[in-house]
Trainee: 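Below is the structure I would like to discuss, written out as structure tokens.
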Amino acid sequence: MSTQTTSRVDIPMANSNEREMRHRGTSTLSVHAGEMYSKPCDAITDAIVCASTYTFQDSQSIIDFIEQKQPREEYGRYGNPNEKVVEAKLAALEAAEEAIVFSSGMAAFVGLLMAKLSAGDEIVFFDQCYHRSREFCYKHLARFGVVTHQVPTGNIAAMEAAITPRTKLLVSESPTNPHLTCVDLEQFVALGKAHEVETLIDATLATPYNIQPLKFGVDYVLHSATKYLGGHNDLLAGSIAGSHEKLEDVRNLRGIMGGINSPHNLYLLQRGLKTFELRMQRHNENGQRIAEFLANHPRIEKVYYPGLASHPSHAVAKQTMRGFGGLVTFLVRDADWRQTADIVDRVQIPRIAPSLGGVESLIEQPLIMSYYSQTPENRLKFGIPDNMIRMACGIEDTQDLILDLQQALELE
Ligand SMILES: *Cc1c(COP(=O)(O)O)cnc(C)c1O
């Protein structure tokens, strides 16, 4: 049975008109968007289409395809049926015209910047961005003559001062990792528009459940789908959402660079997305309650969580976000690096690992996990003290996680 001839569920398609889509809630979209109403073998779930290439009936059908009379697949590097379903779901969740999936968040970032920038162009960055994103810009884009400027996170005036007539893109994350600084998207977008510069937000930590940056007028939204969108610590993927017009050259370059997902990986992502809203509700609840527990604990010096009134981004976050996610960063009072490591080692439910956004809680000490080879001066510059712990709350029961942290924080 051909997948082209059967109708798709008419309601939540990414390409149905926007008014129609707005009537559907997050979970209806994540379960149904992009899926055919009738599937091969009458199965309720999608088949994993393992083909690396796709056959044509005859020579005329190749010509029809090239002349775009017939939507269909051609060769695996340009896309596959499982990808179309996932892209429709991501576009629907983001209220975007289009989404493109890549093989990782970094592949998405590199793919977008390679498509948009040329020698002589400049970009301006908030300095709390993911270190590999910054490394790609100052080490690799620089080899192609693209100039990177870094300014302090959230400082719109500093960003404006760094803009020149050659500036092509303003880049930020929101919230940032591990400090959870939230950028005022209205100001960020207004700055871009005033100087006719495009804007990119890496909203991996927020997810489209907590904020939809395109509604603020941001041009591109990036996600590491490895995190909350996949949600099960079992896959890598990335995505860029935006308008069809702006993404056309990004999709074309991806077809050349080849940073695409296998159909199996896409099926895992599709399956993960079905429970996206339910998981986010628990991640948000666990993040908020664990942040509150830690903020009231005598051994904790400081908690970074935008859902706490004490966080510098609380006002912006409260106004613009539905919830504040599962990532909680905290400092242990009067602890050196070893005493801090002992607390991480005593925790029983969260596993010690990098990453975030999966059902399993993860915990780490940034000094050891990400900044071990950096000089103390550099760590200070990046705001990574020895007594910092980052916990990525999963979906386990809140009370179990709190009791676990409580026992780990007990002085021996
Ligand atoms: C993990 C992460 C990335 C990189 O994504 P990968 O899927 O690991 O390539 C980029 N930005 C943020 C904010 C991340 O957390």
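First listed ligand is number 1; within each ligand, the first listed atom is number 1. Positions are given from 1 along the sequence.
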Trainee: Is there a side-chain contact between K39 and I44 in this structure, where contact means two heavy atoms from C-beta onward sitting under 4.5 Å apart?
Mentor: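 SC-SC contact between K39 and I44 ruled out.
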Trainee: Would you say D127 and F382 make side-chain contact, with heavy atoms under 4.5 Å?
Mentor: no
Trainee: If we set the cut-off at 4.0 Å for heavy atoms, which region of A225 has an atom near ligand 1: side chain, backbone, both, or neither?
Mentor: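 Near ligand 1, A225 shows nothing, with every heavy atom at 4.0 Å or more.
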Trainee: Which protein non-hydrogen atom lies closest to atom 1 (C) of ligand 1, naming both residue and atom, and how far is it?
Mentor: K227 NZ, 1.4 Å
Trainee: Suppose we measure from atom 12 (C) of ligand 1 to each protein heavy atom; which comes out shortest, and what is that distance?
Mentor: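 Nearest protein contact, heavy atoms only, for atom 12 (C) of ligand 1 is D202 OD2, 3.4 Å.
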Trainee: Would N177 count as a contact of ligand 1 if the rule is a heavy atom under 4.0 Å away?
Mentor: no
Trainee: Give a yes or no on whether a salt bridge exists between K246 and E97, defined as a side-chain N under 4.0 angstrom from a carboxylate O.
Mentor: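 Judged by the 4.0 Å cut-off on N to carboxylate O distance, K246 and E97 do not form a salt bridge.
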Trainee: I need the nearest protein heavy-atom contact for atom 7 (O) of ligand 1: residue, atom name and distance, please.
Mentor: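 For this ligand atom, the closest protein heavy atom is T226 OG1, 2.6 Å.
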Trainee: Can you tell me the protein heavy atom closest to atom 6 (P) of ligand 1 and the distance?
Mentor: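 Ranking protein heavy atoms by distance from atom 6 (P) of ligand 1, first comes G105 N, 3.3 Å.
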Trainee: Measure centre to centre between the rings of Y304 and H179, then say whether the value is under 6.0 Å.
Mentor: yes
Trainee: Would you please say whether a donor-acceptor pair under 3.5 Å links the side chains of N82 and D46?
Mentor: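 No donor-acceptor contact under 3.5 Å links the two side chains.
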Trainee: Give me the nearest non-hydrogen protein atom to atom 9 (O) of ligand 1 as residue plus atom name, then the distance to 0.1 Å.
Mentor: M106 N, 2.8 Å
Trainee: Of all the atoms in ligand 1, which lie at a distance below 4.0 Å from a heavy atom belonging to A237?
Mentor: 7 (O)
Trainee: To the nearest 0.5 Å, what is the distance between CD1 (I368) and CZ (R338)?
Mentor: 7.0 Å
Trainee: Could you find the nearest protein heavy atom to atom 4 (C) of ligand 1 and give me its residue, atom name and distance?
Mentor: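 Going by distance alone, atom 4 (C) of ligand 1 is nearest to Y130 CE2, 3.7 Å.
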Trainee: Quick one: does ligand 1 sit under 4.0 Å from the side chain of E173, the backbone, both or neither, non-hydrogen atoms only?
Mentor: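 Under 4.0 Å from ligand 1, E173 contributes side-chain atoms alone.
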Trainee: Heavy atoms, side chains only, cut-off 4.5 Å: are N252 and E248 in contact?
Mentor: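 Sidechains of E248 and N252: in contact.
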Trainee: What residue and heavy atom of the protein are closest to atom 5 (O) of ligand 1, and at what distance?
Mentor: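 Its nearest protein heavy-atom neighbour is S224 OG, 3.0 Å.
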Trainee: Would you mind checking if D342 and R346 are paired as a salt bridge, meaning a charged N to carboxylate O distance below 4.0 Å?
Mentor: no
